[in-house]
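Before any comments, here is the structure.
The basis for the numbers below is simple: all heavy atoms, side chains too, and nothing from hydrogens, waters or symmetry mates. This chain uses plain numbering: 1 for the first residue, then up along the sequence.
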Amino acid sequence: VRGILPSRALYVGVDVGTQSVKALVYNSDSHNVVGRGQRTYDINPSDDTRCKEQDPEMWIQNLKEAVTEAVMCLDSDQIRGISISGQQHGFVPIDSDGKVIRPCKLWCDTVSSKEGRELGMVPAYTATKMLWLKRNEPENFAELAKCMLPHDYINFWLTGKWTMEAGDASGTGLLDVEAKEWNYDLIDKLGFRSYLPELQDPNRYIAPIRPEVAKMLGFPATVEVAAGSGDNMMAALGSGAVEEEKFVVSLGTSGTIFCSTKTQVEDELISNFCDALGRNLPLVCTQNCAAVPEEIRRMFNLSRTEITSLAQLEPIDCEGLAFIPYLTGERTPNEPESSGVMYGMRPGFHSRPGLLYRAALQGATFSIFEGYLRMAKSGLEVKELILVGGGAKNTLWRKIIADLFNAKVSTLQESESAALGAALQAAAIGEGYDVRDYIQKFPPEARAGEGISPAQNSTLAIRKAFLRWKAIRDMMQWESIEDVVEKETGRNEEEESTHALVDNFLETVENLKV
């Protein structure tokens with residue numbers, strides 16, 4: 001026992017993200033968060049801008065520190081369960097001894113664009129990364145025994161058990177989402193069957209924590225580990241989005257909009273994921289979100305408060321300036337070779353940080369809104385919009401979203417919705433509830449005073465700005481450097497062939513003269 005605060009039962013939720021690991025401790029008696037910890041980290045440096053990798057052992061080290069911080073002032077003997085939320089799609093290759101073979105290729109890694117085109121899926125999906133490894137690193141692929149997603153790897157470290165559940169597995173590209181089972185036709189075609197485990201029931205604990213890990217974290221040996229899921233699935237739980245027509249917009253490294261439904265949505269730009277409840281989670285994910293305005297903020301070396309205040313003074317139409325935010329390529333639409341574009345620059349614009357920042361905020365939001373329109377066309381219409389993620393703290397961004405979607409938006413008392421969702425899953429199972437029933441009975445609280453309603457005039461103005469942005473974006477054409485080089489090489493070969501023909505003709509003429 002290390003702590004000083006007693007409790008009936010405590011449950012730990014951990015979100016292992018792209019930029020940080022966050023841990024929360026949830027009290028099942030008071031139904032609030034009583035402890036928290038966080039550690040930040042970076043993506044591995046690389047000369048290839050398409051390459052985005054991290055070392056899984058780094059996640060473990062940072063998780064240990066974040067969890068230790070979260071439970072520091074609590075009675076750790078009261079901890080009953082733990083659940084993990086993890087960044088989706090990442091490919092953690094494991095050998096037959098349970099060791100990591102190479103760094104994890106993250107969701108935002110696009111080196112597998114070619115494989116994605118062949119499989120008819122975006123390069124974020126795990127299947128494309130597995131196929132890339134098979135073709136490009138055959139020596140590493142030969143050692144492959146188990147494919148794990150980031151949260152599966154943490155579960156493996158916690159319990160020694162190799163499992164997946166349908167929510168995160170639906171981001172591999174290898175799941176039959178409707179049946180909630182592996183798509184063995186595709187899996188066998190690729191030769192991947194032996195690398196995938198059985199799917200776990202999301203309403204049950206998967207195993208007790210390993211004794212050595214419990215000791216390391218200061219947990220009792222009786223702690224159980226829940227199935228966990230991907231970060232979007234856990235964010236849905238942590239924001240209370242377990243009913244239809246309750247939409248969540250996540251403003252993080254990536255931008256997402258999703259809702260829980262009973263049925264799938266038929267649209268190529270909408271990811272038909274499973275949620276963490278055995279239902280569906282149609283989702284649109286953009287690759288570039290909070291990092292886009294951050295680029296502008298860092299360029300001017302201003303605080304978020306300072307640059308937001310300046311942006312609030314700028315007009316909604318940004319005087320014609322449009323920011324296409326594809327700084328790291330884009331997955332919705334599937335343009336992995338695309339890049340960011342600032343269109344409509346005029347004299348003096350470069351010295352107006354507020355204007356550029358507003359254009360960046362709106363560009364990132366327009367990208368999400370375009371995906372939402374596809375969802376609305378399929379019959380999913382927003383009635384309630386919940387904002388989560390770091391970007392939700394920005395008052396101007398909340399206003400932009402309320403006006404653009406023409407809907408009231410709210411934020412949550414607990415901003416770390418994915419970590420909270422993980423804690424709620426662990427608590428529900430530990431307290432003997434179905435997870436969905438538990439969250440409906442004890443829903444996450446909205447943050448008082450931060451709800452924003454749309455203004456009719458602003459909605460009209462920002463939707464006009466969106467239409468202009470979309471028209472500009474639709475004019476853009478991106479192609480890979482490899483394709484350009486191939487075309488230039490072909491052109492050079494054609495030119496060389498033409499020159500050779502001319503030389504041969506001239507030689508023939510000279511021969512005739514002789």
Side-chain angles (χ1 to χ4, degrees), residues 49 249 251-255 286-333 335 337-373 387 389-406 452 454-479 481:
T49 57
V249 172
L251 305 173
T253 306
S254 63
T286 62
Q287 189 150 313
N288 302 271
C289 191
V292 179
E294 277 296 288
E295 284 282 329
I296 303 299
R297 185 189 69 80
R298 285 195 295 265
M299 186 168 68
F300 289 98
N301 195 28
L302 294 171
S303 71
R304 293 189 181 93
T305 301
E306 289 170 332
I307 200 166
T308 298
S309 296
L310 292 173
Q312 288 172 327
L313 301 175
E314 297 291 352
I316 291 174
D317 66 359
C318 294
E319 297 184 22
L321 185 64
F323 196 158
I324 312 301
Y326 304 162
L327 300 183
T328 61
E330 187 50 66
R331 72 181 259 179
T332 310
E335 294 282 3
E337 308 294 345
S338 62
S339 57
V341 175
M342 190 75 81
Y343 185 93
M345 289 293 288
R346 300 291 183 187
F349 280 13
H350 69 283
S351 61
R352 291 166 61 181
L355 179 68
L356 301 182
Y357 191 71
R358 178 183 268 276
L361 287 175
Q362 293 186 176
T365 308
F366 290 161
S367 197
I368 297 171
F369 183 67
E370 184 176 29
Y372 163 69
L373 292 179
L387 303 188
K393 300 173 184 177
N394 186 300
T395 54
L396 175 58
W397 209 343
R398 295 200 299 269
K399 174 63 174 169
I400 288 169
I401 291 172
D403 289 337
L404 181 62
F405 282 78
N406 195 28
I452 296 179
Q456 187 173 357
N457 290 342
S458 297
T459 294
L460 181 61
I462 199 166
R463 288 191 168 185
K464 284 182 178 179
F466 164 72
L467 292 175
R468 185 174 189 278
W469 176 92
K470 187 177 185 308
I472 293 166
R473 199 285 316 279
D474 289 346
M475 291 191 302
M476 302 295 170
Q477 291 186 351
W478 289 277
E479 54 187 336
I481 293 174

What pair of heavy atoms forms the shortest contact from Lys399 to Ala455, and how long is it? NZ-CB, 3.6 Å

Judged by atom type as modelled, is there a donor-acceptor pair below 3.5 Å linking the side chain of Glu330 to the main-chain atoms of Thr332? yes

Quick one, Arg463 with Leu404, criterion side chain to side chain contact (heavy atoms under 4.5 Å, CB included). Give me CA distance, side-chain angles, the key distance, then yes/no. CA-CA 6 Å; Arg463 288 191 168 185; Leu404 181 62; 4.1 Å; yes

Does some side-chain heavy atom of Phe349 sit less than 4.5 Å from a side-chain heavy atom of Cys318? no

So, taking the atom named NE2 in His350 and the one named CG in Leu355, what distance separates them when rounded to the nearest 0.5 Å? 12.0 Å

Rounded to the nearest 0.5 Å, how far apart are CD1 of Ile307 and CE of Met299? 8.0 Å

So which atom in Ala465 and which in Asp317 form the shortest heavy-atom distance, rounded to 0.1 Å? CB-CA, 4.4 Å

Any salt bridge between Arg352 and Glu319, counting N to O under 4.0 Å? yes

Is there side-chain contact between Leu356 and Met345, with heavy atoms separated by less than 4.5 Å? yes

Distance from Thr459 atom OG1 to Lys464 atom NZ, nearest 0.5 Å? 12.5 Å

Please check this pair: side chain of Arg468 against backbone of Gly320, looking for a donor-acceptor N/O pair closer than 3.5 Å. yes

Give a yes or no answer on whether the side chain of Asn288 reaches the backbone of Ala364 with a donor-acceptor pair at less than 3.5 Å. no

CD1 on Ile400 to OG1 on Thr395, rounded to 0.5 Å: 9.5 Å

Roughly how far, to the nearest 0.5 Å, is the CG atom of Asp474 from the CD atom of Glu370? 6.5 Å

Between Pro325 and Ser367, which heavy-atom pair has the shortest distance, and what is it? CG-CB, 4.4 Å

In this structure, are over 12 heavy atoms from other groups packed under 6.0 Å from Arg346 atom CZ? no

Among Leu387, Thr365, Val249, Thr308, which one satisfies side chain to side chain contact (heavy atoms under 4.5 Å, CB included) with Trp397? Thr365

Considering only heavy atoms from C-beta outward, does the side chain of Tyr343 approach that of Met475 to under 4.5 Å? yes

Under 4.5 Å between any side-chain heavy atoms of Ser338 and Met476, yes or no? no

Determine the minimum heavy-atom distance between Ala360 and Pro293, stating which atoms define it. CB-CA, 3.8 Å

Within a strict 4.5 Å, meaning less than it, do heavy atoms of the Ser254 and Arg331 side chains meet? no

Exam field: side chain Gln287 to backbone Thr328, donor-acceptor pair closer than 3.5 Å: yes

Over 60° means perpendicular and under 30° means parallel, so classify the ring planes of Phe405 and Tyr372, tilted if in between. tilted

Arg358 CZ to Ile296 CD1 distance, which is reported to the nearest 0.5 Å: 14.5 Å

Quick one, Tyr357 and Leu310 - any side-chain contact, counting heavy atoms below 4.5 Å? no

Does the side chain of Tyr326 come within less than 4.5 Å of Pro333's, by heavy atoms? yes

For a quick test of reading the model, state the closest non-hydrogen atom pair linking Pro454 to Ala402 and the distance between them. CB-O, 3.3 Å

Below 4.5 Å, heavy atoms only, C-beta onward: do Ile401 and Leu251 meet side chain to side chain? yes

